[in-house]
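So the structure is just underneath, and the comments pick up after that.
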Amino acid sequence: MSSDLLDKGYVPHEVEKRWYSFWEKERLFAASEAVAETNYSIVIPPPNVTGVLHMGHALNVTLQDILCRYRRLRGDNVLWMPGTDHAGIATQNVVEKKLAAEGKDRHQLGRDKFIEEVWRWRQEYGGAIINQLKRLGASCDWERERFTMDEGLSTAVRKVFVDLYHQGLIYRGNYIINWCPRCMTALADLEVEHEELDGNLWHVRYPFKEGGGGIIVATTRPETMLGDTAVAVHPDDERYQQLESEFVILPLMNRELPIIKDAYVDMSFGTGALKVTPAHDPNDFEIANRHNLERVKAIGDDGNMTAEAGRFEGLERYACRKAVVEALKTEGYLERVEPYKHGVGHCYRCKTVIEPNLSKQWFVRVKPLAEKAVEAVKNGHTTIVPSMWTNTYYDWMNNIRDWCISRQIWWGHQIPAWVCPDCEETIVAMDTPESCPKCGNNNLVQETDVLDTWFSSALWPFSTMGWPDETPLLKAYYPTSVLVTGFDILFFWVARMMMMGIQFMDDVPFKDVYVHALVRDEDGKKMSKSLGNVIDPLTIIEGYGTDAFRLTLAAFAAQGRDIKMSEKRVEGYQHFVNKLWNAARLSLMHLTDGYPDSEPNPQSLPDRWILSRTQAVTRTVADALDGYRFNEAAGTLYQFVWHEFCDWYLEAVKPALYGNQGEENQASTRKVLWRVLKDVLILLHPFVPFVTEEIWHKLPGTEGSIMKADFPTFRDDSFTDPEAEKEMELITGVITGIRNIRGEMNLSPSMALEVAAQSEAESTREIINRHQELVIHLARLKSLSIQSPGQRPKTAATAVVEDVTLFASLEGVIDFDKELQRLSKEIAKLDQELAGVSKKLGNENFLNKAPADIVEKVKEKHTGLVEKKQKLKANLDRIRQLEQ
RNA sequence: GGGCGGGUAGCUCAGUUGGGAGAGCACCGGCCUUACAAGCCGGGGGUCACAGGUUCAAGCCCUGUUCCGCCUACCA
């Protein structure tokens, strides 16, 4: 027995570093490629290669790691596939910024040199986030790490593009798309963030061709009028049935615009007349198609006005807005201006206001893919947890519009399409074509656009496993068991993986999708750089240790609720880790041997009880994790380890461990303690991997890593012991009753009390008698006498527990007023409870209609309360008498 | 405009077939009791947002109201 086995407090940093490299060195994260029933797989949501670890990653990765470590302990083959995402626009922006700092820009370099530059950047900085994930303890199979621009994944991207094209599911066309004038690229609808902004509604009069009056239209973007090619009214609008003219004149441009009739127009809005700008508004574009209108592109791709804008050519779009308004005012066309709130789209990468613009782009026809993806969830092939997200998923899938997948940037998968300069034939193929199959031209020109990054991430669950080759990995691990992700990329990523997985693997990419919450600051605000409320996970790790941090995340990961993170909370769980450490410290003082092969043979009540409880907790934890109820699993363990194992069990068995109850007791208790501590470590390991591994190696009788241990059994009931739990409940109740007297009567803990326990029930007396020593030890008694009700000690404080009345003899020290107060308070509490119960029992309907077992329970409760009250009342009366 | 989530102790939140209102932190009182003061023991504290309804019984189910948050949308 020596206390130098463990230091007095747990110091995480050195331990974390040591064990993580041990795990890597021993290849404990490596997945076997064998096909088995118990194969379990997760693909990591690949973080951006430009990213730095934030709270979202921390939560996401912690939950996955908990699942993976748990499944390994349960004996599964686990593959956790890691990697990063090439993040086209974001990465290109980062490298362009770096070039700018060197006074260069990508156009000087040229495409090939620029891409080389990006790869160089990735080589140097791209691993940062991976190392940060390791600090969290992530047990990914790092040897399989993938990158969306890897050769293998690029082949997959190419094949998918080519196949979809030949299936008619990819097409190219001139449409209105979302254009970011800063990134100079098209964006998908999803990549536009809408924000309500204060703006104006400008009412502008377009005079009739023949002069006079005219039609008043309203717009939030006056500069777009330069590209107007019509004015539309509703066909049924009586105000416009008999017009003076069929044409109006576009002010400032003096262009003649037809007045057209289209049912899209909302008669109730404004004047019921709509200016039509086909090249700069998606609705107007549709209207223009129906009426064969001209499309005038007045705003250029760089955000400046084109030659079509006449005298406004070259003006930046917002400068132009001002100028147009000014001109309208001076020329007398501006009827009025009203303040107006409206949604404005912003680029999700750079926050620049998006310009709807006419452009030639590549699209995926998603409807047919989406239908299958909806079916897969409806049929239960994939389950979304929590289920509230299922409807969101359906809604989005059902209203999906074609996906613009081409980007006018350089960093990404270049679209495998070539155009013949002579005959304009388009060739889409896996390999670079030598010549035009139609006219034989040898100088084919490849499409310069690259694909949306999400196009390649959509293939992640199978491209990372080697598809399109039929690899052992795919056989063993596709479909994956679960995808763990935040709801913010449900559409971006999850939905698209569903579509692509079903289309190309003929099976869903994952059986479950667990959608977790967002991590917010302690006021519930989203963490953002601009608000300055970002908490860096690495700072938390430095301050409190990875284990404390992980446990905090898990404990707060309740389904459907965001997590408010603050250091204060992590501190609480740091205390828990330390508590565990110290419990181990105590245990190890007494566990000089290991007992791996001997089944514990519990003799004492605490031993029987703790084994029974451990088994129950094991079951609860397993059920909770199987249902992705991380908070329940973590909370159960926290409660069990601290308040049952430490507070009751360890305190209860100290006498046995110290040998005060004979060698036999000491030996059997040691076996039980060894077993329970071992199981506790295993149960906790998925949540707090480092501290459990550290203790594991100090615990005699363990071999190798705790990662290879077996999850405690819970399928059978070998240790379930209801009798022990019942007895323990009585004993702890008695002890708490005595402690309560001590506390409320302000009696020093050092003062050993003499207590008499009286009960009419012989069985109760017998139980207490059997555990007399335990009560004396934990309640700090001088003596405990067990009696049938009879003479009452004269000056005693009283507590009633179940059918036991406790008398703590207080000769000379009793404070009668305080005791009266205490008893009255207790009786008042009972009266309140009694009122409720009596009311129920007085209700005929309750007695007749409620299930018999419920009625019985309430009756028992009533009897118990009445008896308890009687006893307390008797003591109250007695104290009153004594006082006189 | 549509949809979703939430309102439970001073704070942050659990509460999954409707039948005991709970945890952590904070607070009050007492303890250096031989693992841990990052600790131990005891204690106080809630009209479960509001109003109805279903039921013998509602924090939980239904309807309405209200406040907060989020997602989504092509009314200029």
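Proteins get letters first, then strands, A, B, ... in listed order; numbering begins at 1 in each. All values reported here derive from a predicted model rather than from experimental measurement.
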Could you work out which one of [options] sits closest to the side chain of [X]?
X	options	value
Met388(A)	A35(B), C4(B), A73(B)	C4(B)
Tyr638(A)	G44(B), A35(B), G24(B)	G24(B)
Leu650(A)	G3(B), A35(B), A73(B)	A35(B)
Gln639(A)	A73(B), A76(B), A23(B)	A23(B)
Phe491(A)	C56(B), G20(B), U72(B)	U72(B)
Arg739(A)	G43(B), A38(B), C41(B)	C41(B)
Asn746(A)	C74(B), G29(B), A76(B)	G29(B)
Asp266(A)	C56(B), A73(B), A76(B)	A76(B)
Asn283(A)	C56(B), C74(B), G20(B)	C74(B)
Phe846(A)	G19(B), C41(B), C36(B)	G19(B)

Establish, with yes or no, whether the OP1 or OP2 oxygen of [N] is under 4.0 angstrom from a side-chain nitrogen or oxygen of [X].
X	N	value
Tyr393(A)	C4(B)	no
Lys341(A)	C75(B)	no
Lys654(A)	A35(B)	yes
His342(A)	A76(B)	no

Apply side-chain contact (heavy atoms from CB on, under 4.5 Å) to Asp562(A) and list each qualifying residue two or more places apart in sequence or on a separate chain.
-> Phe487(A), Ala517(A), Leu518(A), Arg520(A)
Sugar-phosphate, base or nothing in reach of [X], heavy atoms under 4.0 Å:
X	answer
Lys839(A)	nothing
Thr219(A)	sugar-phosphate
Glu651(A)	base
Tyr340(A)	sugar-phosphate
Glu571(A)	nothing
Tyr264(A)	base
Arg401(A)	base
Arg221(A)	nothing
Val577(A)	nothing
Pro851(A)	base
Asn578(A)	base
Lys8(A)	sugar-phosphate
Thr736(A)	sugar-phosphate

Please name all residues satisfying ring-ring contact (aromatic ring centres under 6.0 Å, His included) with Tyr393(A), sequence neighbours left out, ordered by chain then number.
-> none
Whole-Å P distance, G22(B) and C48(B) | 14 Å
Say you pick atom C1' in G7(B) and the same atom in C50(B); how far apart are they, in whole Å?
->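 To the nearest whole Å, 11 Å.
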I need the [atom1]-[atom2] distance between [X] and [N], as an integer number of Å.
X	N	atom1	atom2	answer
Ile741(A)	G43(B)	CD1	P	11 Å
Asn740(A)	C41(B)	CG	C1'	11 Å
Lys849(A)	U55(B)	NZ	C1'	8 Å

Just by distance, with hydrogens left out, do Lys564(A) and Ser566(A) show a side-chain donor and acceptor under 3.5 Å apart?
->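 No donor-acceptor contact under 3.5 Å links the two side chains.
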Side chains of Glu193(A) and Tyr348(A): do they bring a donor and an acceptor to under 3.5 Å?
->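 No, no side-chain donor-acceptor pair sits under 3.5 Å.
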Expected list for residues 195-204 of chain A: side-chain donor-acceptor pairs under 3.5 angstrom, two or more places apart:
unit_1	atom_1	unit_2	atom_2	d
Asp198(A)	OD1	Lys341(A)	NZ	3.3
His203(A)	NE2	Glu338(A)	OE2	2.8

Does the gap between the ring centers of Tyr573(A) and Tyr638(A) come in under 6.0 Å?
-> yes
Would Phe687(A) and Phe576(A) count as a close aromatic pair, with their ring centres under 6.0 Å?
->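 Phe687(A) vs Phe576(A): aromatic centres not under 6.0 Å.
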Is there side-chain contact between Leu328(A) and Met225(A), with heavy atoms separated by less than 4.5 Å?
->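 Leu328(A) reaches Met225(A) side chain to side chain.
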Readout for nucleotides 6-13 of chain B: B = base within 4.0 Å of protein heavy atom, S = sugar-phosphate only, - = neither; 5' to 3' it is S-----SS
Has the side chain of Lys579(A) got a donor or acceptor atom sitting under 3.5 Å from an opposite partner on the base of C36(B)?
-> yes
Is RNA chain B part of any stem, that is, at least 3 consecutive Watson-Crick or G-U pairs with both distances under 3.5 Å, and where?
->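 Expected stems, ordered by start: B:1-7 with B:66-72, B:10-13 with B:22-25, B:27-31 with B:39-43, B:49-53 with B:61-65.
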Positions of residues 640-647 of chain A (non-hydrogen atom under 4.0 Å from RNA chain B), listed by number |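 Close to the strand are Trp642(A), His643(A), Cys646(A), Asp647(A).
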